[in-house]
Amino acid sequence: MLELNAKQIQMGGRAASKSAALAMLADSLVGEGLVAPGYLAGMQAREAQGSTYLGQGIAIPHGTPETRDQVYRTGVRLIQFPDGVDWGDGQRVYLAIAIAARSDEHLRLLQLLTRALGEGDLSQALREAQQPEAIVALLQGAPQELALDSQLIGLDVAAADFDELLWHGAQLLKRGACVEPGFIAGLTQRTPLPLGNGLWWIHCEQAVLRPGLAFVTPQRPLQLQGQPLRGLFCLASIGEASRQLLERLCDLLIDGRAATFSEACSSHSVLEALGGEVPAHWPSQRVTLANAHGLHARPAKALTEIAQAFAGEVRVRLVGEAGPGVSVKSLSKLLGLGARRGQELEFSAEPDIADDALPALLAAVQAGLGETVEPLPAGGMAAPTGAAPSEPPAPRAPLPGARIQAVAAAPGIAIGPALVRIAATFDYPQRGEDAATERQRLGQALEQVGADIQRLIETTSEANIREIFATHQVMLRDPALREDVDARLAEGFSAEAAWITEVEAAAQQQEALHDALLAERAADLRDIGRRVLGQLCGVEAPREPDEPYILVMEEVAPSDVACLDRQRVAGILAARGGATAHSAIIARTLGIPAVVGAGEAVLALAQGTELLLDGDHGLLRVAPDRQTLEQARREREASLKRRERAHAERLRPAVTGDGHAVEVAANIGSGGDTAEAVELGAEGVGLLRTELVFMDLPEAPDQAVQERAYRRVLDTLDGRPLVVRTLDVGGDKPLPYWPMAAESNPFLGVRGIRLSLQRPEILETQLRALLAAAEGRPLRIMFPMVGTIEEWRAARDLTLRLRQEVPVDDLQLGIMVEVPSAALLAPLLAREVDFFSIGTNDLTQYCLAIDRDHPTLSAQADGLHPAVLRLIAMTVEAAHAQGKWVGVCGELAGDMLAVPVLVGLGVDELSVSPRAIGLVKARVRELDYRHSQALAQQALALESAAAVRALIGEVH
Ligand code: PEP
Ligand code: MG
């Protein structure tokens, strides 16, 4: 995204002419490495087509579409010309903003600038500014207008209490594009202020995009702090934008007009009282913009000129955005819309001029506003979808023979054709032929999609996947949805437009129900919505190759991986993601080789491109030559043999050559995995991620359901120890039936034990179930994300209290060490706990300050970083000093290079994904404990993870 800052600005420039100024600007872009020298020709050509003068002494020179390939990086450079430069047509420029943009990123900048241009004349101030910071302040500092319109008013909403009413208010602001996720979390921290007569006020500055005021009233009277709650003003505030409005509101309340709000039955009266934007009932018409680069300066200017010929107001807004739109007569406001090709514009005009103005404006837009436009497919109209303005141009596909180093997510070598699965975009006409034809087309598409889904249901062996598709069938036949779509068809809409508009409306309604499970259904609705749209537009989902293929995706969600057919998918390649993301963990569990974080370019690969994935080393080879393929096949053979040998010996203990034993246990996510883990050589379960048991269910499991699940695991373990982690949700692991306030930084928010201690009844039920299931078998309970001694003590005390009611003989209590503070406090904690289990996934994340799911950084979140190893060493030392044992249950424990170091640091137990057990045991058996100890000490003294990996690679 293009941002302005002082460093980009050169003050006190002098240029004798426009072309000299352009040359200076181009030099500055070249000097910053943003463009090639040839870009100057593009800037000159652009000026020759039409001046880039924006108004108020500002010009925005930029290249032509033909010179976009001269842009290396998107960016801007500004030069202040205090003496002014003649920009033609008598206009003088005091500030020139040279833009290097490869696509439509500059529209975003225009939006920002036009906000400033909306207020008074800036030219004098720009000319006289002495410091670059003053220019930035002038361009950005104009107070933003407060959004207040009918879409921000919600009357008689179904809310059971203050929290729900507040949530509705925040939702209105979110839909009105005033706030982003994180606002509601901030809002809930604020104290509501009583205004009297049942009216309340609350405001928050966190995660606000533009200032806005929402007003909501409850359907039935509510109480807050013992007082009536009849209406709530919910302000997303930035700076001074709301001051005037507040003053006005106070005046109204002092005048005794509170009932205007508390008893309001139309948004009109509320808006009128507050001076908000009362919707005008003007005739309106819509048209889709086809200009390749959206409504940029030249076409916008053309539009303004047409509007100015009419003696009355003409407005335009983007369909789907809140508010009454902007005046078509104002160039800056028009640019501020940031309209892109494919977006629908709605023009409205005062009734007196509407009959003439609207057709003229529509015809001009359709004719391209002075530009040659590539007609949109299917009659020149298109879906209001497409790339966001600030989206960078799609990267090119890697060339045949390319070798891309990404992140190893699940081991193994996979070879196969690419099946690239990315969301398609659809072009279609808004208006249909006639209702009967469109109805028939839609009917056929629905039938076809229904038949496809039925086939999937019949051929899928996994019950949970069948259930998902069965739900899709029900949605497809939903009579209420069909009725709404029919009504739209009767109004003349095309089958595509009618269908997708209603599906989207239904999905939004589901989301608004404040129920996470129903909100998830919205995703299903959109899924079938797109399937049907694809059928109508003739856009087919890529056909699955006949042979096992490599699935290429943007990002792999855990649910995607869980739904994969292991027989069909040879490997997974994701553009984003890291090794400790939960999707990677699931891929490992399923035994599918996976490489993630490979970069967006892989999404541009042609379907069927031959790929070679090395999931052990995180390597991707695109269309490799025969020699490379043969070598990979040989390596795959060798690796298979190694696995086979390890598998044959999987039940033997893991004891080093010099007699040091290490316990190797399994990480499992559900009770059903236990038998397989034991079969694969597990000496116990070192980590039962109970949240996965919870996530599988549509509602919170009660004590009996949980008890059954835990008892099954203990039964199957047949006396082997079970280490259970209590519920670890929050952060990146939400629970559908446990709605949580959105947080701007969930990994640093209410997750793990923090959340459990806030809802002790859920933890208590889980603990009761665990204790009751133990029945004399060895049970170890540990608490996730413990960061303070108080958290540990609170969880321990609760467990010990319950143990008095449900006695258990063989119980140990411990904590996960996954927050650096726990490792640093290990000497104190070790006095009280029975054991530590080190969660290296989170410990690495928090130690190195790298989000474990970060699309580009997570490759560097390497648990072999000496800083992480030092935390592990401290933990082991502290535990052993108190005679306590230490396990490692993060993904590092299953990393073959890490095993000698962890063993050398004295870790007593390694808990890994069941499929890795045989290999880890085999690796331990190859080691010499004393050598490993020396190796670990050497590793601790190194300076980077790469150095540690190099050291181990050399020695072993
Ligand atoms: C860890 O953080 O290392 C861990 C085992 O927990 P999870 O991956 O489930 O967060
Ligand atoms: Mg963790």
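Numbers here simply count residues along the sequence, with the first being 1. Just so you know, ligand 1 is whichever comes first in the structure, and atom 1 is the first atom listed for that ligand.
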Of the backbone and side-chain N, O or S atoms of Asp728, does one lie nearer to the Mg ion (ligand 2) than 2.8 Å?
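For Asp728, the answer is no, given that no N, O or S atom comes within less than 2.8 Å of the Mg ion (ligand 2).
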Strictly distance-based, threshold 3.5 Å: is any side-chain N or O of Arg754 a donor or acceptor partner for the main-chain N or O of Gly749?
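Here the side-chain-to-backbone pair exists.
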What atom name does the N, O or S atom of Glu818 nearest to the Mg ion (ligand 2) carry?
OE1
For the Mg ion (ligand 2), find the closest N/O/S atom on Asp842 and give its atom name.
OD2
Can you tell me how far CG of Leu802 sits from CD of Glu764, rounded to the nearest 0.5 angstrom?
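The distance works out to 5.0 Å.
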Can you pull the ring pair (Phe, Tyr, Trp, His ring centres under 6.0 Å) pairs that have at least one residue in residues 879-914, sequence neighbours excluded?
Phe835-Trp885
Could you list the residues that satisfy side-chain hydrogen bond (donor to acceptor under 3.5 Å, both in side chains) with Arg711, not counting sequence neighbours?
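Arg711 satisfies side-chain hydrogen bond (donor to acceptor under 3.5 Å, both in side chains) with Glu707, Glu775 only.
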With atom 5 (C) of ligand 1 as the reference point, say which of Met785, Glu891, Arg689 has the nearest heavy atom.
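Checking each option, the heavy atom nearest atom 5 (C) of ligand 1 is found in Arg689.
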Using a 4.5 Å cut-off on heavy atoms from C-beta on, say whether the side chain of Met816 contacts that of Met785.
no
May I ask you to check whether Glu818 has an N/O atom sitting below 3.5 Å from an N/O atom of ligand 1?
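Min N/O separation from ligand 1 is below 3.5 Å for Glu818.
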Would Arg725 count as a contact of ligand 1 if the rule is a heavy atom under 4.0 Å away?
yes
Here the atoms of ligand 1 under 4.0 Å from any heavy atom belonging to Cys889 are 5 (C)
